[in-house]
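Let me begin by presenting the structure, written as structure tokens, before commenting on it.
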Amino acid sequence: MKGFSTKAIHIGEIHLLDSVTTPIFQTSNFLMSAEKYESNDRNSYIYSRMSNPTVRMLEKKLAALCNGEDGVLLSSGMAAISCSLLSVLSENDKVIFSAELYGGTYAMIREVLSKFCIKCEFTPVDELNHRDFSDAKVVFVESLTNPLLKLADIDSLAKKAHEQGALLYVDNTFMSPYNFRPLKFGADVEIHSLTKYVGGHSDIILGFVTARHQKLIEKIWRQMYTFGANPNPFEAFLTARSVKTLSLRMTQHNKNAEIIVDFLLKHPKIKEVRYPSLQQNIPECYKDCPGFGGVIYIDLETTDNALRFASNLKLFRQATSLAGVESLVTIPCLTSHSALNDEELQKAHISKGGVRLSVGIEDVQDLLEDLSQALNKI
Ligand SMILES: *Cc1c(COP(=O)(O)O)cnc(C)c1O
């Protein structure tokens with residue numbers, strides 16, 4: 001993928017900052033000066049809740065990967081979503097969300113946005129092209145949805161949002177900045193839960209936001225530190241190490257997933273396999289993607305089958321979360337979507353026998369053998 005590897009991150013200041021190899025928690029280069037204190041810019045390191053050299057190093061690295069001007073690191077993916085929305089919204093503003101959303105985003109809408117009289121509406125991601133955006137301040141989508149893996153047409157949504165005066169926000173967590181870069185296709189804001197592919201080792205919780213305009217980034221930064229949604233520098237340090245292997249890991253996630261999808265498609269016990277590359281009308285903006293990551297959805301018809309399959313897997317461990325180096329399995333109707341009743345599950349097209357696999361970077365032959373023996377037990 002062009003511009004991804006070392007060249008994009010080893011430029012000028014970023015290369016220098018990359019030499020910060022241990023986390024610095026509280027800096028001490030602040031000279032008593034009212035002028036400096038008041039100016040409070042992101043590079044003066046007055047106080048670590050506002051800015052920190054280790055955090056700044058990672059922000060610059062990630063912004064370069066996403067083709068963004070700069071970025072803001074936050075304590076979690078949810079902090080990234082909340083602060084980036086709240087930084088532009090006021091009472092009576094409207095946000096149009098895709099109906100397919102991460103559970104935590106739904107909870108935040110219910111617990112926060114709705115309480116402050118922000119109007120939130122939902123439209124299935126594949127019907128957003130027919131919706132009017134003219135009265136919305138923000139249109140918010142996930143580039144690749146969970147667990148059904150639908151792709152949002154970022155290119156045309158961005159064009160329409162801009163014609164009608166709205167901003168397009170994209171939660172790009174499931175694609176990772178290696179597989180897809182929404183800003184290149186007109187998105188205004190790109191959000192990542194770094195907890196997933198970028199961190200990649202299931203050992204940190206962090207979020208990141210980048211945007212096309214410096215002004216917006218600055219607003220989100222102010223929201224971040226005012227809220228106290230600041231990231232921990234040690235986690236930033238660990239994540240900076242993860243970034244060095246992101247392309248290797250993503251290449252392996254992509255490759256393993258494609259091989260496993262081929263195997264699953266031919267298996268008689270599986271009613272349906274979902275993976276983005278199997279879709280009929282893949283939006284143009286994904287044409288040059290190196291892959292679609294490690295998440296695969298399969299339908300085994302009944303929850304009983306799904307449970308038997310999941311509990312017989314040996315390499316795929318049963319756990320929430322996804323996108324780490326180790327393979328995981330979950331049953332959406334018993335976990336992420338357990339709050340939905342039968343009718344709502346049906347409306348969301350989530351089968352009671354639905355299983356979500358997050359394929360890691362292990363030897364694919366080992367993974368195939370594991371899947372095969374577990375499928376034989378249902
Ligand atoms: C995990 C996830 C989040 C939330 O991230 P945290 O780091 O857990 O706060 C947001 N969006 C998507 C798509 C996710 O998968």
Side-chain angles (χ1 to χ4, degrees), residues 55 58-59 62 66 71-86 95 97-113 120 122 125 138 140-152 154 168-180 182 187 189-210 220 223-224 227-232 234-236 238-239 242-243 250 253 274 276 292-297 319-324 328-330 332 335-337 348 350 356-360:
V55 166
L58 182 59
E59 286 173 331
L62 293 173
C66 298
V72 184
L73 199 70
L74 303 96
S75 55
S76 67
M78 281 318 305
I81 294 170
S82 315
C83 289
S84 61
L85 282 169
L86 290 168
V95 187
F97 289 92
S98 57
E100 302 81 354
L101 282 180
Y102 177 70
T105 309
Y106 263 120
M108 194 277 293
I109 294 165
R110 195 176 58 236
E111 309 278 331
V112 183
L113 299 187
C120 299
F122 304 90
V125 67
V138 172
F140 184 108
V141 298
E142 295 179 6
S143 46
L144 178 58
T145 70
N146 173 37
L148 295 185
L149 307 168
K150 293 187 198 170
L151 292 162
I154 302 304
L168 181 67
Y169 278 45
V170 180
D171 178 341
N172 197 35
T173 300
F174 269 54
M175 286 301 278
S176 86
Y178 177 76
N179 278 343
F180 185 57
V189 173
E190 173 177 351
I191 298 164
H192 286 276
S193 165
L194 303 179
T195 313
K196 313 295 166 54
Y197 284 118
V198 178
H201 298 73
S202 312
D203 54 4
I204 55 110
I205 299 272
L206 277 182
F208 178 70
V209 185
T210 181
I220 297 167
Q223 191 80 44
M224 178 281 290
F227 258 51
N230 51 295
N232 178 307
F234 184 63
E235 290 189 313
L238 288 176
T239 305
S242 290
V243 170
M250 290 317 297
H253 283 295
R274 277 183 179 255
F292 294 99
V295 181
I296 303 170
Y297 175 86
T320 311
S321 197
L322 61 125
L328 300 180
V329 57
T330 64
T335 57
S336 56
H337 294 71
I350 293 166
R356 188 188 74 189
L357 298 172
S358 172
V359 175

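Start at 1 and go down the list; that is how both ligands and their atoms are numbered. This is a predicted model, so every value here is computed, not measured.
No side-chain heavy atom of Thr173 sits under 4.5 Å from any side-chain heavy atom of Ile191. Annotation: side chain of Glu142 is not in contact with side chain of Phe174 (no heavy-atom distance under 4.5 Å). Proximity of Val295 to Tyr197: side-chain heavy atoms (C-beta onward) are separated by under 4.5 Å at one or more points. Residues Met78 and Met108 form a side-chain contact, since some pair of their non-hydrogen atoms from C-beta on lies under 4.5 Å apart.
Under a 3.5 Å cut-off, the side chain of Tyr102 and the backbone N or O of Gly77 do not form any donor-acceptor pair.
For Phe122, the ring-ring contact (aromatic ring centres under 6.0 Å, His included) partners two or more places apart in sequence, or in a different chain, are Phe97, Tyr106.
Contact between Asp171 and ligand 1 is present, with at least one heavy atom of the residue lying under 4.0 Å from the ligand.
Atoms of ligand 1 lying under 4.0 Å from at least one heavy atom of Ser76, given by number and element, are 7 (O), 9 (O). Taking every heavy atom of Ile81 and a limit of under 4.0 angstrom, the matching atoms of ligand 1 come to 10 (C). For ligand 1, the atoms lying closer than 4.0 Å to a non-hydrogen atom of Met78 are 4 (C), 5 (O), 6 (P), 9 (O). In summary, the atoms of ligand 1 found under 4.0 Å from a heavy atom of Thr195, numbered by their order in the structure, are 6 (P), 7 (O).
Here the heavy atom of the protein found nearest to atom 8 (O) of ligand 1 is Tyr102 OH, 4.0 Å. The nearest protein atom to atom 2 (C) of ligand 1, hydrogens excluded, is given as Lys196 NZ, 2.5 Å; this is a heavy-atom distance.
Among the atoms of Gly77, some N or O lies under 3.5 angstrom from an N or O of ligand 1. Taking distance alone, with nitrogen or oxygen atoms compared against 3.5 Å, Ser193 approaches ligand 1 more closely than that limit. At under 3.5 Å, not a single nitrogen or oxygen of Thr105, backbone or side chain, sits near a nitrogen or oxygen of ligand 1.
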Show me, pair by pair, the donor-acceptor contacts under 3.5 angstrom made by side chains of residues 200-208, not counting sequence neighbours?
unit_1 : atom_1 : unit_2 : atom_2 : d
His201 : ND1    : Gly199 : O      : 2.8
Ser202 : OG     : Glu326 : OE2    : 3.2

